[in-house]
Number of protein chains: 2
Amino acid sequence: MSPVPAPARDSASDSAVPAFDRLEMVLKALASERRLMILDWLKDPAVNFPPQEHGDPIEHGACNLFIVEKLGVSQPAGSRHLKILVDAGLVIPTRRKGWTYYRRNEEFLSELAAQIASL
Amino acid sequence: MSPVPAPARDSASDSAVPAFDRLEMVLKALASERRLMILDWLKDPAVNFPPQEHGDPIEHGACNLFIVEKLGVSQPAGSRHLKILVDAGLVIPTRRKGWTYYRRNEEFLSELAAQIASL
DNA sequence: TAGTTAGTTAACATTCTTGCTATGTCACCG
DNA sequence: CGGTGACATAGCAAGAATGTTAACTAACTA
């Protein structure tokens, strides 16, 4: 699967414009210093966050609470940043024992990088 | 030169957070369907725009007027999109004979792609 | 089952983005 | 040197993004 659909054309029009709306959505998700920091922290959850009792930092990523606290914003604000990243496909959530863990979607990220390289 | 400065650290703090604010600014410039279309059109100005009397489409790029018209927005709105792209470093303006031409900053774009690949 | 805790949703304020129209400014040209 | 055309700036309105606090939901725990 491609991170962003191929430049499909609207068959109802003869427009030669690629479908950039999905890419725009992903780029908007990425275009935030706070969310870029989250992605950076998630490169190494075990180093960037306190030890977790449940949920392996490597396998499942970091706990919502830790990320929100490190961001330094309120809990709803932090959760919304995470949701934006999840909705864009950049990170993957895992619910476990009442907590939610987040890890990077490395496959998506590398395909996105390739797509941007072809811009 | 790098499209976005290296992850320099603030010597006044022991923060391990890379400087993402510049990258955020570039990504915001990119995170617009209209501006993505402009970048796409500028891949081949001779094909995507009418012939120009002055200013070689290959060397200098496409004329402001043509881009604005193709965008389908008002002249100030179109000019602002171009300015955002220029300010981010994504396109290069050339003033000539009273017109302004724009071309892609391919060097910047490829370095940006590399930087995103390392996210 | 009752309480605590994680996380979402609601409601709202503030700021940023993007569009418009109207007006300036500056360079070319006749 | 005066007019015209290209582009920028000013000012405004609408919608999106981001932050807050308060209230709700759901799940673990004792």
Side-chain angles (χ1 to χ4, degrees), chain A residues 20-22 24-39 45 49-50 52-55 57 60-88 90-103, chain B residues 20-22 24-39 45 49-50 52-55 57 60-88 90-103:
Chain A
F20 280 135
D21 58 324
R22 170 88 178 112
E24 174 187 336
M25 181 259 201
V26 176
L27 286 170
K28 275 193 201 302
L30 215 51
S32 152
E33 188 169 9
R34 289 216 157 95
R35 294 191 289 269
L36 287 171
M37 287 193 295
I38 293 173
L39 281 174
F49 299 99
Q52 297 170 176
E53 307 220 344
H54 311 88
H60 302 115
C63 174
N64 182 306
L65 276 187
F66 291 159
I67 298 172
V68 166
E69 186 184 357
K70 190 153 183 163
L71 271 182
V73 297
S74 68
Q75 198 273 330
S79 265
R80 186 162 52 194
H81 280 299
L82 264 336
K83 176 169 169 37
I84 289 169
L85 288 172
V86 169
D87 288 349
L90 293 161
V91 306
I92 299 170
T94 303
R95 301 217 53 142
R96 188 187 176 91
K97 280 268 194 183
W99 287 273
T100 305
Y101 303 94
Y102 297 90
R103 66 182 190 278
Chain B
F20 279 135
D21 58 325
R22 171 86 178 112
E24 174 187 337
M25 181 258 200
V26 176
L27 286 171
K28 275 191 199 306
L30 215 51
S32 151
E33 189 168 8
R34 288 217 158 94
R35 294 192 289 270
L36 287 171
M37 286 193 295
I38 293 173
L39 281 174
F49 298 99
Q52 297 170 177
E53 306 220 346
H54 312 87
H60 303 114
C63 174
N64 181 306
L65 277 187
F66 291 160
I67 298 172
V68 166
E69 186 185 356
K70 189 153 183 161
L71 271 182
V73 298
S74 69
Q75 185 269 322
S79 265
R80 186 163 51 193
H81 279 300
L82 263 335
K83 177 170 168 37
I84 289 169
L85 288 172
V86 169
D87 288 348
L90 292 162
V91 306
I92 299 170
T94 304
R95 300 217 53 141
R96 187 187 177 91
K97 280 269 193 182
W99 287 274
T100 305
Y101 302 95
Y102 297 90
R103 66 182 190 278

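Numbered from 1 within each chain, the chains take letters A, B, ... in sequence-line order.
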Rounded to whole angstroms, how far apart are CH2 on A:W99 and P on C:dT5? 11 Å
Figure out the CD/C1' separation between B:E24 and D:dA17, and round it to whole Å. 11 Å
Are the side chains of A:Y102 and A:I92 in contact, using a 4.5 Å heavy-atom criterion? no
Begin with the C-alpha distance, continue with both residues' side-chain angles, and end with the deciding distance and a verdict on side-chain contact (heavy atoms from CB on, under 4.5 Å) for A:L27 and B:L36. CA-CA 11 Å; A:L27 286 170; B:L36 287 171; 4.2 Å; yes
If I take atom OH in residue B:Y101 and atom C1' in nucleotide D:dC7, what distance separates them, rounded to the nearest angstrom? 13 Å
Between B:E33 (CD) and C:dT17 (C1'), how many Å, whole number? 16 Å
Distance, rounded to the nearest Å, where A:D87 contributes CG and D:dA17 contributes P: 12 Å
Measure the distance from CZ on A:F66 to C1' on C:dG7 and round it to the nearest whole Å. 15 Å
How does each nucleotide of nucleotides 18-24 of chain C score, in 5' to 3' order, for protein heavy atoms under 4.0 Å: base (B), sugar-phosphate only (S), or none (-)? BBBBB--
State, with a plain yes or no, whether a side-chain heavy atom of B:R103 is found less than 4.5 Å away from one of B:T94. yes
Given D:dC7, is OP1 or OP2 found less than 4.0 Å from the side-chain N or O atoms of B:S79? no
Measure the distance from NZ on A:K83 to P on D:dA17 and round it to the nearest whole Å. 12 Å
Kindly write out the residues that satisfy salt bridge (charged side-chain N to carboxylate O under 4.0 Å, His left out) with B:K28, not counting sequence neighbours, or none if the list is empty. B:E24
All N/O donor-acceptor pairs, side-chain side in residues 76-88 of chain B, below 3.5 Å, sequence neighbours left out:
unit_1, atom_1, unit_2, atom_2, d
B:S79, OG, B:N64, ND2, 3.3
B:S79, OG, B:Q75, NE2, 3.3
B:H81, ND1, B:R35, NH1, 3.0
B:K83, NZ, B:D87, OD2, 2.9

Hey, mind stepping through A:T100 and A:L65 against side-chain contact (heavy atoms from CB on, under 4.5 Å) and telling me if it holds? CA-CA 8 Å; A:T100 305; A:L65 276 187; over 6 Å; no
Distance, rounded to the nearest Å, where A:L65 contributes CG and C:dT8 contributes C1': 13 Å
